[in-house]
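Here is the structure we will look at.
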Amino acid sequence: MTEIHGLTSPAPIHTRPRKIVRRTRGSHHGPITRLMSPGDLGQLLKPFVFLDLFDMKGASSGMGLHPHSGIATVSYLFEGSVRYEDTSGATGVLLADGVEWFKAGHGAWHGGGPGDTGRARGFQLWLALPPEQELGPVENVYLVPDAVARDGPARVLVGTHGGATSPLNFPASLNYLAVRLRAGESWRYQPANDHRVGWVSPSTGRLRVPESVEAGELAIFEPSPDAIDFHAETDTEFVLGSAAPHAHDLVLGQYSVHTSPATLRAGERRLDEIQQRLQSEGRL
């Protein structure tokens, strides 16, 4: 019998597996695959509003400084390293299995590029902030690999799973996990009772859930707090998210997501002020 990892309570009585209701391979932009954006699947999966899968090799230039407001970004690498910086003064190198958390709040500029490993493969996620935090202070936290909470094969990037809780504080009920399974292994994920939003995206390999989901896909589950059983058909690395639905509108700027036109205007005013400063300093 294949071992099932991560069980912290008896299996639920139901036997019907969670259905996949939508899937996509996104759109490709060089080394980046955009799997969801605030203007498309982000409307369905909010507070998850943006997901990029990236695989940068060699001398890829990465992304220069660019503005954000109203969101938090979570960057995670399965392989390699990347540099990061923002206009709050944070700078450093994100290593594989570490996490970079950047809460843009009322507005900041953020950028990054390849590290010194020759390759960087991972995901960047945007989370829509609720009204009480969308114009709040900027926060940047870097977790070294050993500081990332773990429960069985899962690294808990944001939220709580099993006996593990992330030190990153998102102001809503939400989990974001990175998982590695070897071929033939199975693992059960039990969302919180209020988590009706759920999705999975493999970076490598192929999962059965029970339908097959391959590397480079984003699969969206039917709204439900029921458990999800994952079986690795090959060695597989993937991220998954579950959350209580975001009860607010998504009001979009080019790099910003807010809950109202007024808060979007406030965030963009702040970003314009920072842009003028960066230009005067010769950084743009």
Side-chain angles (χ1 to χ4, degrees), residues 1-20 45 47-48 51 72 74-78 95-101 122-123 125 127 141-210 213 218-233 235-246:
M1 179 181 293
T2 301
E3 182 181 3
I4 295 182
H5 302 275
L7 285 173
T8 58
S9 59
I13 295 174
H14 78 279
T15 58
R16 185 179 68 83
R18 287 275 292 273
K19 290 182 180 179
I20 293 173
L45 293 173
F48 306 101
L51 184 68
V74 188
S75 300
Y76 176 80
L77 294 178
F78 280 109
L95 303 176
D97 291 327
V99 179
E100 190 228 345
W101 163 266
F123 289 88
L125 173 73
L127 301 172
V141 179
Y142 169 61
L143 298 179
V144 298
D146 287 346
V148 178
R150 298 190 66 170
D151 184 77
R155 289 181 177 268
V156 183
L157 310 185
V158 183
T160 297
H161 180 66
T165 298
S166 170
L168 301 175
N169 182 28
F170 186 72
S173 182
L174 176 147
N175 287 343
Y176 179 45
L177 280 60
V179 184
R180 286 185 173 90
L181 295 178
R182 294 184 180 273
E185 288 186 330
S186 294
W187 175 71
R188 169 166 287 173
Y189 173 64
Q190 178 60 64
N193 289 337
D194 60 344
H195 286 196
R196 300 190 63 81
V197 174
W199 56 269
V200 64
S201 183
S203 172
T204 59
R206 186 172 63 252
L207 292 167
R208 192 170 70 243
V209 286
V213 181
L218 169 70
I220 301 171
F221 297 102
E222 63 182 326
S224 170
D226 290 345
I228 306 170
D229 289 317
F230 297 93
H231 178 78
E233 297 184 332
D235 290 354
T236 308
E237 297 174 331
F238 60 97
V239 292
L240 68 95
S242 70
H246 182 74

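Computation of the quantities below employed the complete heavy-atom set of this structure, encompassing side-chain atoms and omitting hydrogens, waters and symmetry-equivalent molecules. FYI, the numbering just counts along the sequence from 1.
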Seminar exercise, completed: For F123, the ring pair (Phe, Tyr, Trp, His ring centres under 6.0 Å) test, sequence neighbours excluded, returns none

For this session: Just do the side chain to side chain contact (heavy atoms under 4.5 Å, CB included) check on I20 and V213 with the steps written out, would you?
Result: CA-CA 10 Å; I20 293 173; V213 181; 3.6 Å; yes

For this session: List for me each residue that meets side chain to side chain donor-acceptor pair (under 3.5 Å) alongside S203, sequence neighbours excluded, and say none if there are none.
Result: R121

Exercise. At what distance, to the nearest 0.5 angstrom, does CG of L174 lie from CG of L125?
Worked result: 8.0 Å

Problem set entry | Steps toward side chain to side chain contact (heavy atoms under 4.5 Å, CB included) verdict (F170, L127) | CA-CA 9 Å; F170 186 72; L127 301 172; 3.6 Å; yes

Exercise. Taking the six-membered ring where the residue is Trp, are the ring centres of W199 and F221 under 6.0 Å apart?
Worked result: no

For this session: May I ask you to decide if G163's main-chain N or O and D151's side chain share a donor-acceptor pair within less than 3.5 Å?
Result: yes

Problem set entry | Partner residues of F238 under the ring pair (Phe, Tyr, Trp, His ring centres under 6.0 Å) criterion, sequence neighbours left out | F230

For this session: Would you please name every residue forming a salt bridge (charged side-chain N to carboxylate O under 4.0 Å, His left out) with R208, sequence neighbours left out?
Result: E233

Seminar exercise, completed: Those residues at least two apart in sequence (or on a different chain) that pass side chain to side chain contact (heavy atoms under 4.5 Å, CB included) with D194 are S173, A192, A244

For this session: State which residues pass salt bridge (charged side-chain N to carboxylate O under 4.0 Å, His left out) with R180; sequence neighbours excluded, sorted by chain then number.
Result: D97, E237

Exercise. Listed by chain and number, what are the side chain to side chain contact (heavy atoms under 4.5 Å, CB included) partners of A183, not counting sequence neighbours?
Worked result: D235

Problem set entry | Any pair counted as side-chain hydrogen bond (donor to acceptor under 3.5 Å, both in side chains), so long as it reaches residues 162-171, sequence neighbours left out | T160-T165

For this session: Check whether the side chains of Y189 and S242 place a donor and an acceptor atom closer than 3.5 Å, and report yes or no.
Result: yes

Seminar exercise, completed: For G98 and P145 the tightest heavy-atom approach is N-CG, 3.9 Å

For this session: Can you measure from CD1 (I228) to CG (L240) and round to the nearest 0.5 angstrom?
Result: 7.0 Å

For this session: Grab the two heavy atoms, one from V156 and one from A164, that are nearest each other, plus how far apart they are.
Result: CG2-CB, 3.8 Å

Problem set entry | ring pair (Phe, Tyr, Trp, His ring centres under 6.0 Å) against H195, all qualifying residues, sequence neighbours excluded | none

For this session: Kindly indicate, with the supporting measurements, whether the criterion side chain to side chain contact (heavy atoms under 4.5 Å, CB included) is fulfilled by L177 and V239.
Result: CA-CA 6 Å; L177 280 60; V239 292; over 6 Å; no

For this session: Let me see the working for H231 and V209 under side chain to side chain contact (heavy atoms under 4.5 Å, CB included), right down to the final yes or no.
Result: CA-CA 7 Å; H231 178 78; V209 286; over 6 Å; no

For this session: Show your reasoning for whether salt bridge (Lys or Arg N to Asp or Glu O under 4.0 Å) applies to R188 and D229.
Result: CA-CA 4 Å; R188 169 166 287 173; D229 289 317; 2.6 Å; yes

Exercise. Which heavy atom of F48 sits nearest a heavy atom of N175, and at what distance?
Worked result: CZ-O, 3.6 Å

Exercise. If only atom types and distance count, is the side chain of T236 paired as donor or acceptor with the main-chain N or O of R206 below 3.5 Å?
Worked result: yes

Problem set entry | Minimum heavy-atom distance between D226 and R18, given as atom pair plus value | O-NH1, 2.6 Å

Exercise. By side chain to side chain contact (heavy atoms under 4.5 Å, CB included), which residues pair with V141, not counting sequence neighbours?
Worked result: W101, E139, L143, L168

Problem set entry | S75: side chain to side chain contact (heavy atoms under 4.5 Å, CB included) partners, not counting sequence neighbours | L94, E100, Q124

Problem set entry | Nearest heavy-atom neighbours spanning L207 and A232 | CD2-CA, 4.2 Å

